[in-house]
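For reference, the structure is listed below as structure tokens.
Small disclaimer: the values here were computed from a predicted structure and weren't measured. Note that ligands are numbered from 1 as they come in the structure, with each ligand's atoms numbered from 1 the same way.
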Amino acid sequence: MTLARAHGWFALEERDDGVVRITEPHADKLVRANLWWLRGTDRDLVVDAGLGVASLRRHIPHMFERDPLVVLTHAHLDHVGGAHEFTERAAHKAAEETLAQGVPASLNGPELYRQLGVEPAGENLPDLLIDALPHTGYDPRAYRVQPLTVHRSLQDGDVIDLGGLSLTVLHLPGHTPGCIALFEERTGALFTGDVIYDGHLIDDLPESDPSDYRRSLARLADLDLSIAHPGHGRSISGHRLRERAHTYLSAPFA
Ligand SMILES: [Zn+2]
């Protein structure tokens, strides 16, 4: 199958609150994650970095004008692939080792699951996880995620001040040991990565821990937040987030 070249790889959408959501529409839903670009008066911050299939600097050069800090919510390919393009990277200390080794990565569905150590359990995995090429001559088989050094090691309670915007780090392990969310207290906005979104939550990866996940979601359910900007899909209200958390917490615990 020959894929056509995409017209622009990233889709940008500016919200009323000034937060910019960036997506990769040509990535399969399995690996189609959100990047969130926030602008403080002193500095910009980008939550997560996408797959790294296409260059963020080439496609969105204006995002790099103020040398943004990239904060990685966890060490999965669809969140960190483009992180090598930033001059400063931050992540939870529990994610650093995996990031330094180079996270498991493939654009071939079955191969990706093999690398992640996941059983496809009846799922029909696409051979190719992109439906267009970022540029002519791109070879999806050559796709890798580069080993990443972390410049700013984060822990629960750390505060990242951007000027006019200040984000508190919440360590919320479960999906992976190094999962974090960022909470902006003034607006009540929470950037959740893969801890929670409107869809099936993944707690069965080899590095997942369902009991940690329950504790993390119980903590989120108690948080006074207005909106959640997740790693996948659309933003959800605080009410919807609490509903999702309670659904998970009320399911029988194996
Ligand atoms: Zn993930």
Under-4.0 Å salt bridge between R240 and D198: yes
Salt-bridge criterion met for E13 and R234 (N-O under 4.0 Å): yes
Sidechain N-carboxylate O distance under 4.0 Å for E88, R43: yes
Lys/Arg N to Asp/Glu carboxylate O, R39 vs E14, below 4.0 Å: yes
Sphere of radius 2.8 Å around the Zn ion (ligand 1) - protein N, O or S atoms inside: H74 NE2, H76 ND1, H175 NE2, D194 OD2
Check: M63 and D44 side chains under 4.5 Å, non-hydrogen atoms: no
Salt-bridge present (D78, K29; N to O < 4.0 Å): no
